[in-house]
Each structure stands twice: as structure tokens, then as C-alpha cells.
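What follows is a single structure, written as C-alpha cells, with notes after it.
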Amino acid sequence: MLEHRSAYARRSALTGEPASATLALVRDDVPAGDGTAFLAARALNPDITAKALRAVSEIVAARFYVPPAMLARILREADPVATVGPGAIRFEGFSACCSAYIRLDLADEALEVRQRRHGTTNVDFGPELRAALARVGRDSGLDITIGADGLAIAHESAAVEERKVPLPLRWIRGFGEVQVHLSRMRRAATIPRVAAHRFLRAQQGSKSDHLQWIMATGTGLRSTARRAVGAVPLRGAHRLRVLEPLMPSADAMEIWVDDKAGSTAWVLRLGAQRVTLALNAEPWRGFSGDGGLLFALATGRETGCAALRGQLCWQDRLTPDDLMAATGLSADALDRALATIAAEGLVGFDLETGAYFHRVLPFRLDRTERLNPRLRAARALVEAGAVTLGPDAASVASDGVTHRLRATETALTCTCPWYAKHKATRGPCKHALAVEIAMEAARDRG
Amino acid sequence: MTEDEAAQIIRTASAATALAQFAEIDEPARRQLSKPVAAVWKAYWKSYLSYAPGAPKPPEMGDDDALRIALLATAIPSELKPYHMHVLPRRLDVCTVMGALRPSWLDRYVAALIDDAPHLAGLVAPLWRQGLCTRPEGDGLILAYYAHGSGTALAEDEPGFASHDVWRFFEVEGGGELSLASHDKYTAEAGQWSTIVLAMCREGALDRARLLDASLDALERDFGQFRVGWYARLHGALTPTEAEMAVRTTRYLRLLASPIPPTVSFAMKALRTLDKAGALTVEALLAEIGPALQARQKATVTSALQLLGAAAKRAPERSAEIAGMAATALIHEAADVQAKALDLVERLDAVAEEGVQATLAAHLDAAAPSLRPRLAAMLGTKAEAPAATVATPDIDTATPVAAPVAPVDGVDAAIALFLDVLETCRDPIAVERAIDGIARFGAAARSVDAKLSPVAKRGRQLLERGGTVKLRLALAATGVAWAEGEPVRTVLARSLPETRYDAIPENSTLQVFLRRNDEVIAAVHAGRSTPMLSLPSDETARVDPGDLVDRLAAHRAGGHAAPPHDLALALLRLGTGGREAAVARLKPASEAERATAFALGADAKPAGDPVLWVGAWAARAPDTVHPDIRRMVGQTVPDAGTPATLTLTVEREGRPPYFWCRPRIDIAPEPVAETQRFASSLRLTQRSDGFLADSPCSTTFEDIAWSSILWPGRAEPFFACAIRAMDTDQKLTDHFCLAYLEPLFRPGATCGPMALAALAYYLASADKAVTTLTVDAIAALVERRRLSADDFAAALQRFIATATLPFGRWVRGLRDVSAISPAHAAFVRAAIAALLRLQSEGEAPREFGAMLELLFELHCAAGTVVDDPDARERLSMLDGGGKTGTFARKLLKLSAAPAVAP
């Protein structure tokens, strides 16, 4: 557990008359009285924006899986992260169990921006605010500010409001890993509003952990219990429930899938706003544990990272081609550098544009990555001299067993239970990582 | 005080003396004594918890409260936390103790104790009431009031309850057993919190207006459905007057957006009252009614449409806007709700409005087929003509094309596959490939140092861990036996003795697996590399006769006899095509080859090992009695030379008002204890009177899936097990019964009476995964022309006739099947028509109307009519009221629409 302490000068609140309500989102770590707001804008479709923000908050407050020996209260509600970029405002966060990631992208067309300053911050977002957002209607006015002080906030205490949010490491690591999933996804279907709404209505509201396969038909979506050609896997369909209130305002729903990991993304287009809900393959599987960045982190060098970091300036669209041209890095070197900075939470991935965007998360991700248990175990194996490299295979002596690893076209196979269970869907096993580290060292030695 | 003196006090002193002595020294000095005191406490606690004979004796002491006082005097809260209330003295007042000791951490301790175990608040409440600690103000104290038994008593003594704490009831939801809803559900009315709060309100102790507002506040919070009901009931029990409701109109309107359906119904009821009283403005209604029109509950949407209709009368100038909103109710799946929405749109004369047209057009494809012509007319277009009628096809009996099963091709692949199936053994064909991999490359793998160390280690781990998946345990034992050069049975007997809960029972089909694996491992240890005889040749799980002859030849070439259990299993799986060509190549020299030739159709005189010959009989002619086989077996054993007959009886059991359905399967001739001794096939034809533990297929997906390929040519005994295993009320994350449906997806699957009954029964399961897979199975069988609508309807009728299972589940299942394609819709139409024919005169189930509604919509979609005279006659007899009568008449009135080619 890494304790991340959010210090808010005030509590966020929705105030004012319905016709001119102000949503004052209080940002993290800025003293009261600091008048510099990240954002001051007016929502052009207030009811939709309010519902979408509520959806973000609902996911962040949700827990779709509680590990057996864990008391529910250990994981307290975290706060969404808001990024103000040059062309879009983004609110993103994970469910407490880390199996669901949600992001609201507010394009400039959705807001009348009066003031903007690029940055990323936590915003205080509690249940009271969520309840208040439910009251924003079509005819309401909604001003959004992100700053240290709420505007005209009536608060019962003048004291600084400090909330201690003990965030598990996995919640934070998820930010690095989820973009690996998103960047691998392909669009499986685009479904018109009514058909998509019917599909969501047909899903059980209660917890449902069985695996179903969703396939597009001529008239909408159909779910089957067996894999079918073109079908998308979905387990834990109750996680989609958060999208249902948004459906009447949606233009269409897109379904994206990462064929390798089995994760999916459900994107609602709401005019100039977009809600992306990414679900990991199983509700009990957090994005954080998927190890998509491990190879890059295990063998990653700082080569290229500095050049890449130098290019980051809150862009909404960072494509590999542009970055290669700007940094002079090769595709392979750029991939590794991107993985390294992604692990630091410096980039997210946008399905719509097929490009990365820059943000600076308000957490220290570099430290959490070093604490990755698989990576740590792999380094220990290398240091203990457990890895033997051969011409067509490698072996790793671990816990009294010799595991043999072979290179296939897509991954290193291993004889350990982790590989037998997960193959390459959840990143490499510690033995494969150890072999990669040893090979990298061997290459360095020439 | 020294450590020895402290120990002496614990051993000999009374609690009062101990308290006096520890109170004399200050807290830091007491803390120095914590180690020896904690050691005594841990020893005491260990003996306290243990009831086992031979458990450690408690430390010697005169008064255990003296030990508790010593612990409280020397420990800190984190050390006390694991023991909850057990560290508090039992015979001394807690205030006396804490008043004497005055620990600096008392506030923290009390707050943590209440947070961890709110029901213990009553034990420590006197502490803050006497000023010894600060009252904790967290949610834990409020949850303490929700505790059964102690909660209301705590309130009686708590001075700030009426002024402060009770109002936090409306902010703190609770969970599990600690909630207001849970408390009141399991408490007599007089002791319920709602009764107490209402009484306090009547007495003036609680402000009525504030209670009304607070209960609405709670309904606006994201509380769970079960828990939020308490607040709605409290609000209702306060019976607000119209005036009180009128000032809260906006609050009720806001609740229409609640994600909790009963809260929306609650708000809708209040709004109807307000509407009647004229207290609901059109402006406010239109601003908030949207979510109610999208609700899943029919009554909510219907009420919302009624409110809109009334609003339109009061504000006719807003008719277009109201019609546009009403049109959004078309999202509802029910045809009658959609019809009501269209009625309102038409009544408002706003069909031509641009916004209304757009909404109507968006819903055209999703509207009920019976309403599409009407909707199309409103849009000024023509409804899409139904596709040309698809006739119900004849049953296809052709030999299916199935993907071949490829054996593994090397040592590394064999080890990798075995390690894979050790982790995931849901695919029985993969499991068989893995064992075949051992048979082919097992000896070579043993010759390389440490090659099998991962197999041995993982196998040992899994055996040590045990578990319910017996196939995995059998695989683990096989892996350890492979690596360590022992028989499988020896490893198993050592690791899983029969007394263990997860031992593989003697009647399990997995005994067949183990016997066969024992033969494979013995051959590997003898250094032989031969193919496994029983490896399925393709995904139907059948062994191709040609393949079997080739494998037998490999054994003969190696100069060793064919293993009997492996061959018996291969014969059970023997395919039907190519037998003549195979037998022509076989020159029988051994008993195994003679039995194989017999199985393939050659003349042979059964003699020798009954296991082999019963297998050969099962492959050759399992439907006819064979006297020689019966003689070998020694008595009449079902499916051992004497065909077994399975008879299903579906009975209604129970007494009013609780009835349930009990399918019973009788086997003739009756199974005897000897059944298990003979060929592997017999394991499925066993008596089982309904206890899951008795099922030869076991109760996990993996075990059942492997059992499904035991005797693929005769699946009826397997489906009999499927029927016995199903509990239609059971909902599981990974329902083991899903495995029983797997054979129906294999090419060439056929449906006998047991398979049909299993499909009908499984469609009524409460588990969504089971019903979805059953729908898929029916769809696959229809697609492959392997399912007769008449036979399926007959199987369904046996369960319907008991009137014990929720009828709606069958309707939903058939609706899902019909939505797949026109051919599937035709199958469902034919099945419902057949079902109709099976209904006794005037005795159709009350819910049959839902089935007729589905039939009506399907005929509307296809442009067809019920043309079967018997079915029409039955329809004409259903002349009563209600849905059944209404849709019977509608079906009779239906006229065929001209169809177009698809």
C-alpha cells in the first residue's frame, strides 16, 4: 500500500441555482487562496456533462471484486484525475479493484472555456457531489472550475479539508498499464444508439461474472456463451451498467477489443464528449497486474527517454511517426522509450485518434514500478546466477526446479505454472524476464 | 514492578488486586512489562481457542481477569486489536478498570474497536458517558445502532441520540448485517427502528418535516437497493399529507433518475398523487420525467406515459414536446408498453413533428414486429416486407465433418501441453492429447536430466493442495508418477488417501482415466513409446477405426500386448465410418485384436477379459442383448451385454405453497453393485438418487467435460446425469452444469429423450450462463438440423405440466433462440405450435399467454399464420380473458402477409 495523501483546500461542490449552477472541483495540493484555476469553463450540454462526470465518479467509487481476505474498507474511494490539455479536458480513474478504467474526454466544442492552464491533478469528487450532479438537467447552466478554491462554496468548516486516500500500488500502476491495452485494441463494432441501449438493458444489474461473447448482428448485439467468429469476450457485464444512463444522449457505441489480453473498451460518443470504459478480461483482474510494460522496464535504458520527454508538452495527439521524426529514435527504441515514460504515467492513449496524449500524473510512478514483484524476482534470479543461456533455449533454476524457456514468434515460452496458466496475456513470467535481462546484459558485454 | 512480579500477579492475584497494583505504576513503566504479559496472554488465548484433544493447557492462574487487566495495562491498541472484546475484564466494570489505569490511548482504542466491531459499542459506551474517553464520531458508532439486539438498547442510554445520532441514520448506509433494512427485517415489529423512529416522531422528539426531508435525502444517495428500501418505507409510513408532498415535488421528481427501480416506483407513486391533486406543474414534470420513460419496469414507464398524457391536457401547446418524450419509451422491450407510447403520440397529434419523427425512426427496427407497420405508417414509409418463409428443415443424419485431433510432435511439446492441462483442464480433448503425449514421448523425456522437474514439482503442489477438480488431481498424480517412476495408483494412494474429502471415489468416471493412465505410465517406465489407443481422432471424440488398427499394429510391432483399459476406452469411442475397411486390415492374433475385430463387425466368440468384450459390444451393438457377453459378465448388468433403458419421470413434489419439480430417472435392468467392476461405459449408467456427490461425473466443469467423451456414441446416460445434477434455482459464477451441454456442440451430436429433457430443463435455470449456453446449444442443433421442434416441445411439456418452474424463463429462452435467424424463428414457431397441440383442453398454464404473445410476434415478423388445424383448434378453445385469451384471438385473426425473398 502506498499512501497518497490528497490535501484539498475545500470540498468540491455544486452550488447555485439550477439555471446557473457552478461545479467547483477542488484540486489537490494547492493552498486555499491560490486563485490560479486550471480551468474555468461553461458546459454547453450540461446534463450530458454532469451525467458523464457522474459515471466517472461511479466507476472510481466502485469495487467489482473484493479479494477474499480483504476488508472492503481497506480500499477507500479514490479521486479521479483531471488533465487540462490544449484541445480537451480529461477526467480519468479506476475502480477500486482496478478492473475498470473510465475516461471522459471533453473536447473544446463541449465547453466554453474562459480560462485554461495545462496540467494534471486529482480532483475531489465525493458521494455528495455525485448526488448533486444527478440534479443537473437539460435547462441547467453548468460552470466548471478546477482550482484550489471552490467559487462561492458554502462549507461547514473553514479549516483545510485533508483526506487521506490510501491508494494501493495497483491503482497507481494501472495508469501505466491501461494504455498498453488501449494501444493494442481494434474496433470490433459500432452500434447505433437504440440497439446499444437495448443491449445494455438486457445485461443483469446484479453481479455477473460468467463469460459471454458479444457479437454484432444485423440489428444490434447478441451475446452467446461460446466463442464465435468476430465476437468480443465480456466477463463481468455488470461493470457496463454505469453507461446506461448516458445512452439516451449517445450517438453510438463503439466496442474495441484487445485480442491478446481479452480486455475491451466501450466508447460512447456524446456529441463533443466521449466516455471510454475499458474493462479488463475478468473483474478480478486489475489492469495493474498485467505486466504489459515489464519487458521494456526490465531491459529499458534511459536511451531515448530524455529525447522523448523533451517532446512532451501537454499534446493531445502524439503519434509514433511524429515522435520518431522529432526525436530521431528508431521504431524499436521509441517503443521502449514510450513504455518507460508510460510506466511513469506520462502518456495515455486515445482510441479515437489512435495516438497518445501527454499528462503528468500526480503520483510517483517511477518508484512503484521498481517495486513490481515480478521484476524484482527476475532481477534476483539474474543476480543469483540462475539463468543459463543456450543457443536455442535458456534455462532458469528457481526453487529447486529448472525451467526451460524457448523463443517462439510471439513470446518466450516457459515451463512454469504462470506461463501455463496465462501464456503471454498478462505479461512475461519472472523467468522470461530474467532471461531477457540476462540476454540484454550479454548483448551489452558484446 | 519487575517482570517476575507481574507474572506472579497474573498467576495468583485476583482481578481487583491486579488492577490496584498495575494502577500504581505509570504507563511507560507498565509498558516495559508488555513482553512477558503478552506471552502469557498468547498461551492463554491459544488454549482458549482450541477444543481439540491434546490441546495445550492454559497457563496457571487464579483469575483470568487478572491477566486481562495486566494486558490492558501493558499493551497498546494495535496489540489488543486482534482480540476484540476478549481483552476486556468479564467480572469487573470496564469504567473501573480504565478509570484506574487511565491509558493515554483509550480514545484510539475505543474508536478502533467500534470501527472493527460496531456491535461491541455497548461494552465501551459507559467509558465516554463517564468522561473517560472521547465519544467516537465515525460511522462505526452509527453502525452500532444497526446491530441486532444491542443497537436499540445503545440508543436508549445515549444522550445525543435524538438530537444528533438518529439523523446520521440517513447518511450512513451500512452493509451486510449492519443496516437498518437488515435490522428491521429480522426484528419483531415493536423493536424495529422504523417503529421506534415513528414513535419518536409522534411524541415530538423528532421533527416530522426534517424526517420527511432526511428520508428523501437518503433515497438520493447511492445506497444499495435492499438498504434504501428502509428509507422509502419510513417516508411512506409517515403518510405525508398532500401539502407536505407538494413542497417536496422537486425532490420526488429528482428521484425518477435513481438507478434503484423501487425508488423510482416510490417517486412515481408520489407524483401520481401530486398530479391528481394538481400540484405537479408541466414545466417541472417535463424537466425530470425522461429517466422514468427509459425504466426497465413496465409499470414505471406506463405511469410516466399517463403523467405525460395528463400534462398534455393541461398544456396542449407543449404537445409536440410531450409526444417527443413519449416516443422515447419505445426503448422498452414490451410490445404493450410500446403500443401505449404510440397511442399517446397519436393522441397528441404530433406525429409529423420533426423531433418526434426522428425518435420514431430511430426505434423502427427495435419495435415489436406487430407494431412495425403502424410505426412505419406514422413515418410515412412502408414496413419492411417479411422475408420469405423458412420451413422447418428435416433432421440431418449425415456423417458430420469434424476437425482432426493432431498428436503432439515432440518431447518439449508433450511436456508443455501436460503443464498446460495441469493448470487448465476444461478441454477434454486437450487432456487426452496430453496423456497421448506421455505415451509417445514420456520415455524420451525421462532420459533427460531435470526435464521433468517442473512437472514433478507442480504435480506435488497440486496434490498437496487438493481441491474439488478431481481431473486435475488425477493429472497431477499422473505427472508425479511419470517423473518419479511410480505407478499412478501408488502416488494417488500416498497423496490422496480414501479418507480425504477430495479423494476420487470408486464410482467416478475418473477411475477409467486413472486405470488407463496407469497403463500408459507403466509402458513409459518400461521404456516404450507407443501411441495411446484411446486418443480421439477428431473433435467428435470418436476414435477412427483405421487409426485404432494402426495403433494396435504399433503395439504389435513393439512386441507387447495392447493395454486392456486403454483399448476398452478406445472401443467405447470407436467411430462408425470406415469399419469395414479397418477390419479388412486387421489380422487378429491376440484377444485384444479379436475384441477389436468383433467391435468392427467381424465374427468372433467373446472370451477372456470382460472389460474388453463389453467395450467391444458397446461399440458394435449396444442396443441388442448379447448372450455371450452377458454370460461373461456373470449377471444382468445394464449396458454390459444387456442394453440399459432409461426412463424419465418428472414429478411435482412439495406442499402448498411450495412445490418443486423432481425429475427421476429409472434404469432397467436395475444397476447392481457389480456395475462399476466392468467396462468403463457402465460408470455412467449408475443409480443416483439425487445427491450430487453420488454423480459418477462429479461436480466440476472439468470432471464432467472429461466424462462427456467417455462413450460419445451413447450420450443418453451422460444426459441422464445432467438432469440429475441440475438445480434450477442455483446461480454460480462458473456453473458446473455448463459442461453437460458441451457434447451438443460437437459435430454429429444427436438428441435422444434425455438430451431433449436436459435442454428443456436447463432452459428454466436461474443461472444466466446456463440459459445462455442452452440457447446456444439449441441454436447450434437447429442450425445443423439435429433438433426436431415436435420432440423438443414434447420434452418441454413434461416440465411445463408440473407447473413448478418459472414459465417466463422458457419464454425468454425461446425468444433468444428465435432472434438468431429466420430459420431459428421458424423452429420456435413450430415448437410453440407443437406445445399448443399438447395442451389439454382449457388447461393451459396461466402464464401461457406470454408464449402465445411470442408466437404472435414471430408470425407478425415472418408474415405467417398458425396454419396447423390442431393448433388452431387449441387456440379457439383458449377463449378466456387475460393475456392467453387475448393472444389466442389475435393469432386466429392474423392474416398472412406477402413475403419477399430474403
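- If you measure heavy-atom distances from B:A450 to chain A, the contacts under 4.5 Å come from both the backbone and the side chain.
- In this structure, no portion of A:T217 lies under 4.5 Å from any heavy atom of chain B.
- Considering every non-hydrogen atom in both B:E423 and A:P417, the closest pair reads OE2-CB, 3.5 Å.
- Looking at B:D816 and A:R222, no side-chain N of the basic residue comes within less than 4.0 Å of a carboxylate O on the acidic one, giving no salt bridge.
- With respect to chain A, the highest number of heavy-atom pairs below 4.5 Å among B:E220, B:E333, B:R221 belongs to B:E333.
- Here the side chains of B:Q294 and A:M247 are not in contact, with every heavy-atom distance at 4.5 Å or above.
- Looking only at side-chain heavy atoms (C-beta outward), A:D399 and B:K457 come within less than 4.5 Å of each other.
- A distance-only check finds no donor-acceptor pair linking the side chain of B:T733 to the backbone of A:D209 [under 3.5 Å].
- With a threshold of 4.5 angstrom between heavy atoms, B:L286 approaches chain A through N, CA, C or O but not through any side-chain atom.
- Using a 4.5 Å cut-off between heavy atoms, A:Q212 does not touch chain B at all.
- The distance from atom NE2 of A:H422 to atom OG1 of B:T424, rounded to the nearest 0.5 Å, is 9.0 Å.
- When each of A:R235, A:R193, A:E244 is scored by its heavy-atom pairs under 4.5 Å with chain B, the top score falls to A:E244.
- A donor-acceptor distance shorter than 3.5 angstrom exists from the side chain of A:R201 to the backbone of B:A295, with no hydrogens or angles considered.
- Once rounded to the nearest 0.5 Å, the distance linking CG of B:D767 with OG of A:S208 reads 9.0 Å.
- Contact detail for A:L200 and B:R296: the closest heavy-atom pair is O-NH2, 3.5 Å.
- Proximity to chain A (any heavy atom under 4.5 Å) is shown, for B:H735, by neither the backbone nor the side chain.
- Heavy-atom contacts from other residues, nucleotides or ligands closer than 6.0 Å to CD of B:E137 number more than 12.
- For A:R406, the part lying near chain B is the side chain, with the backbone staying farther off; criterion is any non-hydrogen pair under 4.5 Å.
- Nearest approach of A:V401 to B:S453, heavy atoms of both residues: CG1-OG, 3.5 Å.
- Heavy-atom pairs under 4.5 Å with chain A were tallied for B:D217, B:L422, B:D412; the largest tally goes to B:D412.
- With a threshold of 4.5 angstrom between heavy atoms, A:A202 approaches chain B through N, CA, C or O but not through any side-chain atom.
- Interface residue B:R458: only side-chain heavy atoms are found under 4.5 Å from chain A.
- Residues B:A362 and A:V194 come closest through the heavy atom pair O-CG2, 3.5 Å.
- In terms of modelled atom types and a separation under 3.5 Å, the side chain of A:R198 and the main chain of B:A366 share a donor-acceptor contact.
- Of the listed residues (B:I415, B:I820, B:L738), the greatest number of heavy-atom pairs within a distance under 4.5 Å of chain A belongs to B:I820.
- Counting heavy-atom neighbours within 6.0 Å of A:K423 NZ, excluding the residue itself, gives a total above 12.
- At a 4.5 Å heavy-atom cutoff, B:T328 makes no contact with chain A through either its backbone or its side chain.
- Of the residues considered (B:P454, B:A819, B:G175), B:P454 shows the highest number of contacts with chain A, using heavy-atom pairs under 4.5 Å.
- B:D365 does not touch chain A: none of its heavy atoms, backbone or side chain, sits under 4.5 Å away.
- If you measure heavy-atom distances from B:L330 to chain A, the contacts under 4.5 Å come from the backbone alone.
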